[in-house]
Amino acid sequence: MPEGHVVHRLAARYLGSFGGRTVAVSSPQGRFADSASRVDGRVLESTEAHGKQLFLGFGADEWVRIHLGIYGKVAFGRGEPPAPVGAIRLRMVADDAWSELRGPAACELIGSGEKADVVSRLGPDPLRADADPERAWERIRRSRSSIATLLMDQHVIAGAGNIFRAEVLFRRGIDPLRAGRDLTRAEWDAMWTDLKSLMDNSVHVGRIDTVRPEHTPEAMGRPPRVDDHGGEVYVYRRAAQDCHVCRGPISMRELAGRNLFWCPSCQNR
DNA sequence: TAAGTATGTTAAG
DNA sequence: TTAACCTACTTAC
């Protein structure tokens with residue numbers, strides 16, 4: 001379930017459950033076993049999220065870098081940890097808390113230099129206070145790639161994924177296939193501001209809700225909608241369904257290997 | 001039992 | 001542009 005908001009929530013949760021405490025670290029599945037033994041019994045001192053990258057800090061120079069990929073999940077609990085079930089790559093246990101990481105694309109122990117390298121390759125993360133949207137704009141304003149492609153490129157903007165991309169483009173009325181260099185500065189500023197507020201909200205509520213109050217099914221006099229990804233959205237995974245605003249059909253096509261959703265009538269700018 | 005699906009990234013061609 | 005790779009769960013046969 002991983003776009004950037006999930007990763008920021010995980011950083012807070014790992015810190016809340018284990019920060020400043022001695023933790024038992026293991027890898028029941030085995031693939032992280034050698035590295036786990038090197039931080040086993042140490043104190044988890046800090047956690048950081050940069051886009052979709054999660055870092056768990058042990059001492060000044062040892063970091064567990066986690067990237068959930070498309071399947072990765074973390075379960076947390078209190079009290080005695082359950083017997084291992086399935087492929088648990090990273091298990092962390094303190095005296096009264098435990099966590100289990102399954103299915104990450106990456107889980108590795110790295111030094112602060114490698115961590116800095118990873119972070120330096122990322123674009124600004126709208127969820128971070130130190131984000132500089134100007135860096136993203138410098139890339140976008142020169143690029144022939146579509147804005148839809150650019151929004152998913154972690155070197156341009158870090159943390160947005162397929163849902164935030166589809167939803168912010170809808171909310172700004174922007175045709176996803178427009179080239180980055182054809183966007184105006186005002187359009188970019190509005191998009192960044194909107195993306196930031198959508199992502200901030202998602203960190204707080206733990207799901208992606210993007211539908212404005214005036215467009216909810218209730219406000220539009222329509223039956224409430226149950227979405228299996230858990231949030232209220234305008235276009236994501238709503239191919240061929242009615243647009244909440246104009247009631248025309250939502251479009252879908254594949255773009256760079258990912259499904260792109262948009263409303264051709266509302267997104268004409 | 002097999003196939004299909006998923007909010008992602010990387011490497012090979 | 002395509003395939004490979006992480007894992008669990010749902011649906012079809």
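So you know, we letter chains A, B, ... as the sequences are listed, proteins then strands, and number each from 1.
- Annotated stems with DNA chain B as a participant read B:1-6 with C:7-12, B:8-12 with C:1-5, given as range with range, by first number; only runs of 3 or more Watson-Crick or G-U pairs under 3.5 Å qualify.
- Rounded to whole angstrom, the span from the CZ atom of Arg237(A) across to the P atom of dT5(B) amounts to 11 Å.
- In this structure, CE of Met252(A) is placed 11 Å from P of dT7(B), rounded to the nearest angstrom.
- Checked by atom type and distance alone, the side chain of Gln154(A) pairs as donor or acceptor with a backbone atom of Gly159(A) at under 3.5 Å.
- OP1 or OP2 of dT7(C) has at least one side-chain nitrogen or oxygen of Arg89(A) nearer than 4.0 Å.
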Considering only nitrogen or oxygen atoms on both sides, find all protein atoms under 3.5 Å from nucleotides 8-11 of chain B and state each distance.
from, atom 1, to, atom 2, distance (Å)
dG8(B), OP1, Lys52(A), NZ, 2.8
dG8(B), OP2, Asn162(A), N, 3.4
dG8(B), OP2, Arg258(A), NH1, 3.0
dG8(B), OP2, Arg258(A), NH2, 2.2
dT9(B), OP1, His67(A), NE2, 3.2
dT9(B), OP2, Lys52(A), NZ, 3.3

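- A salt bridge links Glu48(A) to Lys115(A): at least one charged side-chain nitrogen sits closer than 4.0 Å to a carboxylate oxygen.
- Using a 4.0 Å heavy-atom criterion, one finds that Arg31(A) contacts the sugar-phosphate atoms exclusively.
- Taking atom CD1 of residue Ile66(A) and atom P of nucleotide dT7(C), one finds them 14 Å apart after rounding to whole Å.
- The residue Gly86(A) sits close only to the backbone: its heavy atoms come under 4.0 Å of sugar-phosphate atoms, none of a base.
- In this structure, CD of Glu100(A) is placed 10 Å from P of dA8(C), rounded to the nearest angstrom.
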Can His8(A) and Asp125(A) be said to form a side chain to side chain donor-acceptor pair (under 3.5 Å), step by step?
CA-CA 11 Å; His8(A) 281 258; Asp125(A) 175 353; 2.8 Å; yes
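- For the pair Leu101(A) CG and dT7(C) P, the interatomic distance rounds to 9 Å; values are reported in whole Å.
- Nucleotides dC6(C) and dT1(B) place their C1' atoms 22 Å apart, quoted to the nearest Å.
- A side chain to side chain contact (heavy atoms under 4.5 Å, CB included) with Phe55(A) is found for one member of Val64(A), Ile66(A), Val118(A) and no other, namely Val118(A).
- For Tyr236(A) and Phe164(A), the ring centers sit 6.0 Å or farther from each other.
- Side chains of Arg253(A) and Leu177(A) form a contact here, defined as non-hydrogen atoms less than 4.5 Å apart.
- The number of heavy-atom neighbours closer than 6.0 Å to CG of Asp130(A), taken from other residues, nucleotides and ligands shown, is above 12.
- At whole-Å resolution of the value, CG in Leu90(A) and P in dC6(C) are 17 Å apart.
- Closest to the Ala87(A) side chain, of the nucleotides dC6(C), dA8(C), dT7(B), is dA8(C).
- Ring geometry for His215(A) against Tyr234(A) counts as perpendicular: the plane angle is over 60°, on a 0 to 90° scale with 30° as the lower cut.
- Ile88(A) places its CD1 atom 15 Å from the C1' atom of dC6(C), with the value rounded to the nearest Å.
- Taking a cutoff of 4.0 Å between a charged side-chain nitrogen and a carboxylate oxygen, Glu187(A) and Arg178(A) qualify as a salt bridge.
- Nucleic acid contact class of Gln29(A) (heavy atoms, under 4.0 Å, all strands): sugar-phosphate only.
- Between dC13(C) and dT5(B), the distance separating the two P atoms is 13 Å to the nearest Å.
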